[in-house]
Amino acid sequence: MPGSKKARRSGTYRDQRDFRKPPAGLAIKRSEWKKSNPIFVIQKHHARRLHYDFRLEVEGVLKSWAIPKGPSTDPKDKRLAVQVDDHELDYADFEGVIEEGEYGAGPVIVWDAGPYRNITRDNDGKELQMSKALSRGKAEVWLEGKKLRGGFALVKTKLGGGKKPNWLLIKMKDEAQDARRKPVVTQPRSVLTGRTVEEVAKEEA
Ligand code: MN
């Protein structure tokens, strides 16, 4: 087995001292990640209100939702996900501060990222294209992130009102479900640089 328990543990400690690096096992290699197709990314964004921008690559753009509470690994949680404008693919690895006066002013980190798979099925059990699944209001994706793994369902809902379409992001039941993990609380750092959103705000002020 590559890497004994001991070696892995000391690696973790070393990386934690250098906060520019994500803890061992949590770092994603930007070059590798961007080669995968399609990708997902979750950017933690402290604008006027803190939220998590969940983005899925679909037909050359990033379909995007703003999730005020962030994703949960507990299938009992239904997290409001407000659909927002599509973003360009290049935005996926943006980390930094959106300047005062611009839309969404505030710091952004890449909170999680990786490849994803569309696992949406139609009534016959055949794979349904993502664009079709989204226009029908129900999509299921399999995430291969550093913090989030396994199935997640996006379900459009009429709840909540407002001008923008409201969806719910729900962890599907599988081996990656975990009601106690709360990664939003316990894993606040960027998977690209190991920084928190507060550190990015301070460093780039
Ligand atoms: Mn945002």
Side-chain angles (χ1 to χ4, degrees), residues 22 26 28 30 33-34 36 38-73 77-116 130-131 133-135 137 139 141 143-148 152-157 159-171 182-205:
L26 264 184
I28 61 163
R30 206 184 286 236
W33 165 50
K34 294 203 93 178
S36 35
I39 57 160
F40 85 95
V41 62
I42 299 177
Q43 284 158 316
K44 183 178 179 181
H45 180 192
H46 203 157
R48 206 148 37 91
R49 292 195 187 87
L50 179 69
H51 61 274
Y52 293 75
D53 289 301
F54 180 53
R55 309 187 197 280
L56 294 172
E57 177 183 358
V58 179
E59 294 176 0
V61 298
L62 295 170
K63 292 287 171 187
S64 299
W65 294 261
I67 306 178
K69 288 186 175 176
S72 172
T73 50
D77 287 336
K78 296 178 169 67
R79 291 293 162 87
L80 174 67
V82 181
Q83 191 169 3
V84 295
D85 292 341
D86 296 349
H87 276 55
E88 283 176 32
L89 215 42
D90 277 350
Y91 193 70
D93 62 354
F94 173 75
E95 196 171 285
V97 178
I98 301 175
E99 278 177 44
E100 209 61 52
E102 286 186 42
Y103 183 75
V108 176
I109 59 163
V110 175
W111 183 80
D112 200 11
Y116 86 92
M130 270 304 280
S131 52
L134 291 174
S135 63
V141 291
L143 304 182
E144 295 284 350
K146 289 295 176 183
K147 298 171 184 173
L148 301 184
F152 282 80
L154 270 167
V155 185
K156 206 171 184 175
T157 170
L159 295 172
K163 283 187 210 104
K164 292 169 179 166
N166 285 339
W167 296 66
L168 298 170
L169 180 70
I170 308 163
K171 179 75 193 83
K182 306 202 183 339
V184 161
V185 177
T186 60
Q187 298 181 288
R189 293 181 180 275
S190 164
V191 292
L192 282 185
T193 64
R195 296 179 297 174
T196 63
V197 84
E198 292 81 11
E199 286 164 357
V200 168
K202 231 178 270 169
E203 283 172 31
E204 302 198 10

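Computed from a predicted model, the values in this text were never measured in an experiment. Whatever order the structure lists them in is the order used to number ligands and atoms, beginning at 1.
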Problem set entry | Donor + acceptor pair across side chains of His87, Asp85 (<3.5 Å) | no
Exercise. Is the shortest distance from a Lys or Arg side-chain nitrogen in Arg195 or Glu95 to a carboxylate oxygen in the other one below 4.0 Å?
Worked result: yes
Exercise. Looking just at side-chain N and O atoms, do Ser64 and Arg55 make a donor-acceptor pair shorter than 3.5 Å?
Worked result: yes
Exercise. Any side-chain donor-acceptor pair under 3.5 Å between Gln83 and Trp167?
Worked result: yes
Problem set entry | Side-chain touch Gln43/Tyr91, heavy atoms, less than 4.5 angstrom | yes
Exercise. Salt-bridged, Asp77 to Lys171, with N to O below 4.0 Å?
Worked result: no
Seminar exercise, completed: Listing protein N, O or S under 2.8 Å around the Mn ion (ligand 1) gives His45 ND1, His51 NE2, Asp53 OD2
